[in-house]
Amino acid sequence: MTPETNRRMAGGALAVSAFSIALALFAYWRAGGNQEAETAHAEIRATVDSLREKQTELVEHTRGSLDAAFQNSRDRLTRVRELLRIEKDRAEAELKHQLDRAEGDVNRLVASVELEARKIRDSTIVSAEQAERALSQRVRTIEGRVALLRAKYKARRAEVLADGQEFEEALRALVEATDLLDQAQERLPREYDPTVGALRVAMHEALASVQGRAVDIRERLDEVLRQTNSLVRMLENDEATAAGLAVPPGHPAS
């Protein structure tokens with residue numbers, strides 16, 4: 001059961017209990033039991049106060065859970081930053097441009113996480129939960145995007161190795177790229193599954209081509225790179241939209 005569900009159930013229980021008790025008290029007063037009603041009223045107030053205290057405790061527990069969730073996002077973004085630093089150290093100009101853009105998006109996400117984390121005490125629980133869910137999904141999506149960029153590096157490496165007739169090394173690089181594609185799919189929202197699926201088919205065809213030392217190796221690997229760029233561009237534009245940034249019309253693949 002989620003913190004939001006617990007909170008709503010506690011709030012509903014409080015309202016229903018208070019309403020039911022109030023009706024019973026009114027009926028008793030109408031019946032003339034004034035002294036007994038005063039005693040009952042005191043008990044009712046104690047019950048309502050207890051329910052309110054429990055609701056307050058639940059709200060504080062939920063805020064604590066949100067604090068932990070925001071910290072988890074901070075930690076994940078720190079790891080993404082480190083991966084980007086490593087990849088940028090060895091990337092060619094084309095890939096470095098995409099990594100730079102990912103780094104800028106990570107920096108903006110860090111600022112957004114910090115802002116929403118500071119607002120927890122001043123926001124309603126519902127709005128804080130909504131903000132945390134949205135940011136958490138964006139963090140996961142950029143993790144998937146960075147995994148794709150790492151897969152692109154491996155595919156490009158496989159292309160260079162295959163050109164040099166180093167087919168075993170090229171095959172190993174493509175297997176690593178496929179593993180990174182699996183990581184990306186685990187983190188991306190399900191709406192990207194068809195595009196990831198098409199890329200997976202292209203990756204498997206490239207693997208078969210390298211394994212068989214076919215004549216179309218470069219063509220197959222170029223298709224992997226093309227589809228990877230297309231998906232990365234889609235993710236870049238979607239993150240820009242989520243961040244409220246302008247997306248240039250007809251933004252080309254990097």
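No experiment lies behind these values; they were computed from the predicted model shown.
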Do [X] and [Y] have side chains that get closer than 4.5 Å, going by heavy atoms?
{"X": "Ser136", "Y": "Arg133", "value": "no"}
{"X": "Val80", "Y": "Leu84", "value": "yes"}
{"X": "Arg81", "Y": "Val110", "value": "yes"}
{"X": "Arg156", "Y": "Leu95", "value": "no"}
{"X": "Gln183", "Y": "Arg150", "value": "yes"}
{"X": "Leu174", "Y": "Met203", "value": "yes"}
{"X": "Ile86", "Y": "Asp89", "value": "no"}
{"X": "Arg140", "Y": "Arg76", "value": "yes"}

What heavy-atom pair brings [X] and [Y] nearest, and what distance separates the two atoms?
{"X": "Asp193", "Y": "Gln185", "answer": "OD1-NE2, 3.2 Å"}
{"X": "Lys154", "Y": "Ala173", "answer": "CB-O, 3.5 Å"}
{"X": "Ala162", "Y": "Ala170", "answer": "N-CB, 3.9 Å"}

Do other residues, nucleotides or ligands put more than 12 heavy atoms under 6.0 Å from the [atom1] atom of [X]?
{"X": "Gln211", "atom1": "CD", "value": "no"}
{"X": "Arg74", "atom1": "CZ", "value": "yes"}
{"X": "Glu82", "atom1": "CD", "value": "yes"}

Matching residue for Glu239 among Arg145, Arg108, Arg101 - test: side-chain contact (heavy atoms from CB on, under 4.5 Å) = Arg145
Which of Leu180, Leu231, Thr228 passes side-chain contact (heavy atoms from CB on, under 4.5 Å) with Lys152? Answer is Thr228
Is the closest side-chain donor-acceptor distance between Glu94 and Gln98 under 3.5 Å?
-> no
Are a donor atom and an acceptor atom from the side chains of Asn107 and Glu103 found within less than 3.5 Å of each other?
-> no
Between CD of Glu92 and OH of Tyr153, what distance do you get to the nearest 0.5 Å?
-> 8.5 Å
Salt bridge (Lys or Arg N to Asp or Glu O under 4.0 Å) assessment of Arg226 paired with Asp222 = CA-CA 6 Å; Arg226 185 193 68 78; Asp222 281 346; over 6 Å; no
